[in-house]
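Below is one structure; the comments refer to it alone.
As the structure is a computational prediction, the values presented were derived from the model and not from experiment. Numbering of residues begins at 1 and proceeds along the displayed sequence.
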Amino acid sequence: MVDRPDSQVADRTGNTLGRGVLEGAFGLLEELAHGGELGLTRLADGAGLPKATAHRLLAQLVAVGAVQRRAGRYRLGPKTFRLGQAWQPAPALREAARRPLRQLAMTITGASVNIAVPDAGRTLIVGGIRGEVDDVFPVHAGVLAPHGNAGDRMFAAETPETEPPACCSRTEWKRLVAKAHEQSLAFDYEWPVPDVSCVAAPVRAPSGEIIAGVAAVVLDGRRLPSIAPAVRRAADMVTACVARLPAAKQVQFRSWSVGGSDPLSAER
């Protein structure tokens, strides 16, 4: 069990303190979003909660329809799905990426293609087109990519202070980030997600800052070198589309640079 601040720990009765109640509930929802249908022990461990606390929070989530319980296992409920459907992030960026992503999906048979933005040192997918990979790992809007992925390395090229993933030393992380910066491409060969490979290219604002990334995700890593040029072209097309946006919409991209604390706030 990892150490947590006092506001996040549970008292002797299993009740979380302060804002830890919400954090605990959302931690459970995150585990269900990635794991599908899970048991109590797995959920509690994944969310970093005592089993008694996890059980109580899950009972409350079930009561409001956010989670469903069946035969001692839990899964996301219909209310969570409806709320998720209402999430429409980064509309200007998604509009700029719509045609390039469609063309990219037609060029790379079977690939999942997406557009993602930096979010507090991580890579948040905000739109895309599903492909064969989604049967193994979901690559759709709202997914926070595993730490250390190609997008993280691409965005970290402009923010050297970004923390490396737990599986990487700082030296190795700096080497990977420098390589992504040099190539203007980043590659994942069945890491950090087993059996899933990815290539990502940067999208830039008119200022030159990286504001997003286009990626193609496939099951066969041997395809990456041959599809990388198409991914780069798609990213360049999105960059060109962003540059043609009205000036009022371009202003919002200033807070989307990789050093920004909230890449989506300007469109709320």
Side-chain angles (χ1 to χ4, degrees), residues 88-119 122-134 136-146 149-158 176-177 179-189 193 196-245 249-250 252-253 256-258 263-264 267:
Q88 298 292 330
L93 179 65
R94 288 187 294 113
E95 178 61 31
R98 184 168 288 116
R99 179 172 294 180
L101 288 184
R102 189 163 58 241
Q103 293 179 357
L104 183 61
M106 293 173 63
T107 301
I108 308 174
T109 305
S112 298
V113 301
N114 67 74
I115 184 87
V117 297
D119 183 29
R122 301 289 297 277
T123 298
L124 176 67
I125 297 173
V126 295
I129 300 172
R130 298 190 181 198
E132 61 186 8
V133 169
D134 287 270
V136 178
F137 182 81
V139 190
H140 55 77
V143 169
L144 195 65
N149 71 90
D152 286 357
R153 299 197 299 278
M154 184 178 60
F155 296 137
E158 294 193 356
L176 292 171
V177 169
K179 187 175 181 180
H181 178 68
E182 178 185 346
Q183 297 181 334
S184 285
L185 286 169
F187 296 86
D188 288 335
Y189 287 92
V193 181
V196 173
S197 297
C198 168
V199 55
V203 173
R204 298 182 182 275
S207 64
E209 293 177 298
I210 296 176
I211 57 169
V214 168
V217 191
V218 296
L219 295 177
D220 186 355
R222 293 172 298 182
R223 300 179 66 190
L224 295 189
S226 64
I227 67 177
V231 174
R232 192 197 299 272
R233 285 194 300 270
D236 289 344
M237 290 173 63
V238 178
T239 296
C241 290
V242 167
R244 290 195 294 268
L245 289 172
K249 288 189 176 182
Q250 288 189 16
Q252 63 195 230
F253 292 115
W256 283 33
S257 64
V258 292
L264 304 181
E267 296 204 46

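When all heavy atoms of P100 and M237 are compared, the pair lying nearest together is CG-CB, 3.8 Å. The two residues V199 and A228 come nearest to each other via the heavy atoms CG2-CB, 4.0 Å. Considering every non-hydrogen atom in both V218 and R223, the closest pair reads CG1-NH1, 3.8 Å. Closest non-hydrogen pair, G127 versus A141, comes out as N-CB, 4.0 Å. Closest heavy-atom contact between G213 and F155: N-CZ, 3.8 Å. Residues T239 and V203 come closest through the heavy atom pair OG1-CA, 3.5 Å.
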*Test I115 against L93 for side chain to side chain contact (heavy atoms under 4.5 Å, CB included), laying out the working first.*
CA-CA 8 Å; I115 184 87; L93 179 65; 4.0 Å; yes
*Apply side chain to side chain contact (heavy atoms under 4.5 Å, CB included) to V217 and V113, showing your working.*
CA-CA 6 Å; V217 191; V113 301; over 6 Å; no
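In this structure a side-chain-to-backbone donor-acceptor pair under 3.5 Å is present from S112 to G131. A distance-only check finds a donor-acceptor pair linking the side chain of D188 to the backbone of A150 [under 3.5 Å]. R122 places a side-chain N or O within 3.5 Å of a backbone atom of A145 that can act as its donor or acceptor partner. D134 places a side-chain N or O within 3.5 Å of a backbone atom of V139 that can act as its donor or acceptor partner.
Side-chain contact between L144 and T123 is absent, with no heavy atoms from C-beta onward closer than 4.5 Å. For the pair V117 and I211, the minimum side-chain heavy-atom distance is 4.5 Å or more. In this structure, the side chains of F187 and S197 stay at 4.5 Å or more apart for every pair of heavy atoms.
Checked against side chain to side chain donor-acceptor pair (under 3.5 Å), R204 has the following partners two or more places apart in sequence or in another chain: E158.
Surrounding NE2 of H181 are at most 12 heavy atoms belonging to other residues, nucleotides or ligands under 6.0 Å away.
Taking CZ of R232 as the reference point, atom CG of L104 lies at 13.5 Å (rounded to 0.5 Å). Taking OG of S226 as the reference point, atom CG of D220 lies at 9.0 Å (rounded to 0.5 Å). Within the model, atoms SG of C241 and CZ of R98 stand 11.0 Å from one another, a figure rounded to the nearest 0.5 Å. Atom NZ in K179 sits 15.5 Å away from atom CE in M154 (nearest 0.5 Å). Once rounded to the nearest 0.5 Å, the distance linking CG of D152 with CG of L176 reads 11.5 Å. A distance of 7.0 Å separates CD1 of I129 from CZ of R102, quoted to the nearest 0.5 Å.
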